[in-house]
Enquirer: 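One structure is given below, represented as C-alpha cells, and several questions about it will come after.
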Amino acid sequence: MSEQYSHLIDLNDYPVEWWDKVINLGAQICAHPQRYVQACAGKIMATLFYEPSTRTQMSFQSAMIRLGGSIIGFDNPMSSSVSKGENLKDTTKVVSSYSDILIIRHPMAGTAKAAAMTAECPVVNAGDGGHLHPTQTLTDLLTLKMEKGRLDHMTVGLCGDLLYGRTVHSLCKALACYPENRFVLISTPELRVPEYITKLLREAGCEYREETSLDAAISELDVLYMTRIQRERFQSEADYLAQKDVYRLTPEKMRKAKPDLAVLHPLPRVDEIEIAVDDDERALYFKQAKYGMYVRMALILKLLESTNPQPLLHGELHPELRCVNPKCVRAQEHYLPPLFTQIGTRTVCEYCEERALPVE
Ligand code: NCD
C-alpha cells in the first residue's frame, strides 16, 4: 500500500489548517507568479482523464508548466492500453512510476482512492464519478477568500443537480467545517443531495434547508453556487429531460439578490445561467476558473513537498458486506479488497461512502 505518499482523495482527510495553507499559498502565487517559475523544474505530472474535462485538466497542466515542470498523460483512455482491457491498478502502477504526481478523473466513484492504493507517487482526485471533486473545492474556497474575504458566516445556496454534482458534495463537506455557514439546498425532489451529505451537515451542527424555488431563496444568499444537470449520470435520457431547464439564473432574478452576492459555477454551463448574467459584476465564475489554476499550483507544491502523509485507508476488511452503489469502483475493479468504514452509526464503503449491505 502506498501510504508513504501525500495523496489528495478527499479534502476532509486533511485538517482545515492544511486547506488554509494551500489557499493562502494559492493567493501568494496569484500575486507573484514569477517567483514560482522554477519551483517544479525537473518534475513530471501525469494526467489520466477517463472522463471529459476542460478546466480541471488544462488548469492542472498549465499549473505544472507554470511551475517549470513537464506533463504526460491521456484524455481519451481509448488511445491508451485501457482499450486493450488493462485494469486501473496496472495503468496507475506503471504511469505513477514514470511521474512525480498523478492526477486522475474517472466516471466510477472511489477510483482515485483505489489508484492511490498502488501508486508510486502522490495521487490527486480530479473527480470520481458523482462522488467528490476536492480540487474544485479548493478553487471555490480560494475564490470566496479572494472575492468575499471570508469562508465563514455565509448563507450558501447550492442550486441544480445536488444528487450527482460532485462539486456540490465536496463543497458542502468543506464549508461545513468553517463556523456559522448556513446552507440552502435548492433542487427538485429527484435531485436532492445524497443522504450522507445532509447527515454530515446535521452532525456538523450546520443550519440547512431544502428548497425547490431559486426565486424564493435568492434574496437571502451570500453565495449562489449554480450547477449543471449531470446528463451523463442519469439512468435514461427521459429522466434527464425531465430535470433539464428547471433552474435558470436570469438578470431579473439577480435584481432580487444582495448587492454583494457571489455567483459561482464550476463550469461547464449549459443553460442554467443566462449569458446576460455574465455582465453582472457578481458573476464570478470565469474568475473562479482562473483561481483554479493558481490553487492547483499551490496544491502540486504542497503535495510534492509533504513529508507527513495522512492515512489513506480508514476501514477494515468485511468480505460479508457489499456496496449498494452500482457506480462504485469495486463494481468494475473486482480485485479491490472489500473495505468498509464506520461513520457514526452507519457502515459505508471505503471507496464511495455509499451504504453497505450483506452479500447475497
Ligand atoms: C465539474 C465536474 O467535472 O464535476 N466541472 C469541473 O471540473 N470544473 C462540473 C460539471 O461537470 O458539471
Side-chain angles (χ1 to χ4, degrees), residues 8-11 26 47-63 73-77 103-112 124-144 156-174 185-188 191 193-194 197 223-234 239-240 243-249 262-273 278 283-297 299-300 327 329 352-353:
L8 176 58
I9 308 304
D10 177 344
L11 268 185
T47 50
L48 300 186
F49 276 62
Y50 293 75
E51 251 194 355
S53 171
T54 304
R55 271 148 295 270
T56 305
Q57 185 183 207
M58 291 192 195
S59 63
F60 261 118
Q61 293 178 338
S62 54
F74 61 68
D75 55 15
N76 174 7
I103 318 297
I104 185 164
R105 168 174 285 193
H106 198 281
M108 304 295 271
T111 299
V124 176
N125 182 5
D128 59 332
H131 184 214
L132 295 174
H133 195 345
T135 70
Q136 181 62 46
T137 298
L138 287 173
T139 302
D140 304 338
L141 295 180
L142 177 60
T143 308
L144 291 172
V156 182
L158 298 111
C159 176
D161 191 341
L162 308 192
L163 176 61
Y164 299 118
R166 55 195 174 194
T167 59
V168 167
H169 307 157
S170 286
L171 186 58
C172 285
K173 285 178 73 164
L185 305 169
I186 308 159
S187 75
T188 61
L191 296 183
V193 281
I197 296 290
V223 179
L224 172 58
Y225 198 85
M226 291 297 292
T227 61
R228 166 181 79 88
I229 306 299
Q230 306 276 301
R231 181 179 204 152
E232 66 279 22
R233 308 211 193 282
F234 281 78
D239 289 349
Y240 165 69
Q243 295 295 327
K244 97 184 240 296
D245 299 332
V246 175
Y247 298 105
R248 199 174 168 88
L249 185 62
V263 181
L264 268 53
H265 190 310
L267 303 176
R269 148 176 67 186
V270 181
D271 47 17
E272 57 282 348
I273 301 181
D278 299 356
L284 300 180
Y285 28 89
F286 294 119
K287 275 188 177 172
Q288 181 187 357
K290 188 159 181 184
Y291 285 130
M293 179 181 72
Y294 293 116
V295 90
R296 288 179 174 107
M297 290 171 78
L299 176 68
I300 293 169
K327 301 262 175 78
V329 63
C352 74
E353 297 184 79

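Computed over heavy atoms, backbone and side chain alike; hydrogens, waters and symmetry mates excluded. When a ligand or atom number is given, it counts from 1 through the structure's own listing order. By convention here, the first residue in the shown sequence is residue 1.
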Enquirer: Looking at atom 6 (C) of ligand 1, what's its closest protein heavy atom, distance included?
Expert: Leu267 O, 3.5 Å

Enquirer: Suppose I only count heavy atoms of Arg228 and a 4.0 Å limit; which atoms of ligand 1 are within that range?
Expert: 10 (C), 11 (O), 12 (O)

Enquirer: Can you name the atoms of ligand 1, numbered from 1 with element, that are less than 4.0 Å from a heavy atom of Pro268?
Expert: 10 (C), 11 (O)

Enquirer: Regarding Arg105 and His133, do their side chains bring together a donor and an acceptor under 3.5 Å, going by distance alone?
Expert: yes

Enquirer: May I ask you to identify the nearest protein heavy atom to atom 8 (N) of ligand 1, giving residue, atom name and distance to one decimal place in Å?
Expert: Pro266 O, 2.9 Å

Enquirer: Going by the order shown, which atoms of ligand 1 are within less than 4.0 Å of some heavy atom of His133?
Expert: 2 (C), 4 (O), 6 (C), 7 (O)

Enquirer: Consider side-chain hydrogen bond (donor to acceptor under 3.5 Å, both in side chains). Of Thr111, Asp128, Asn125, which one does His106 pass it with?
Expert: Thr111

Enquirer: Please tell me if the side chains of Asp278 and Phe286 come closer than 4.5 Å, counting only heavy atoms from C-beta onward.
Expert: yes

Enquirer: So is Thr56 polar-close to ligand 1, meaning N/O to N/O under 3.5 Å?
Expert: yes

Enquirer: Does this structure show an ion pair linking Arg166 with Glu232, if we count only N-O contacts that are shorter than 4.0 Å?
Expert: no

Enquirer: Can you name the atoms of ligand 1, numbered from 1 with element, that are less than 4.0 Å from a heavy atom of Gln136?
Expert: 6 (C), 7 (O), 8 (N)

Enquirer: Can you give me the closest heavy-atom contact between Arg233 and Lys327, atom names plus distance?
Expert: O-NZ, 3.8 Å

Enquirer: Is there a side-chain contact between Asp140 and Tyr291, using heavy atoms and a 4.5 Å cut-off?
Expert: no

Enquirer: Can you tell me which portion of Thr227 lies within the under-4.0 Å heavy-atom range of ligand 1? Options are side chain, backbone, both, or neither.
Expert: neither

Enquirer: Is it the side chain (CB and beyond), the backbone, both or neither of Glu51 that lies under 4.0 Å from ligand 1, heavy atoms counted?
Expert: neither

Enquirer: Any idea which protein heavy atom is nearest atom 3 (O) of ligand 1, and the distance to it?
Expert: Arg166 NH2, 2.8 Å

Enquirer: So, Gln243 versus Asp161: side-chain donor-acceptor pair below 3.5 Å or not?
Expert: no

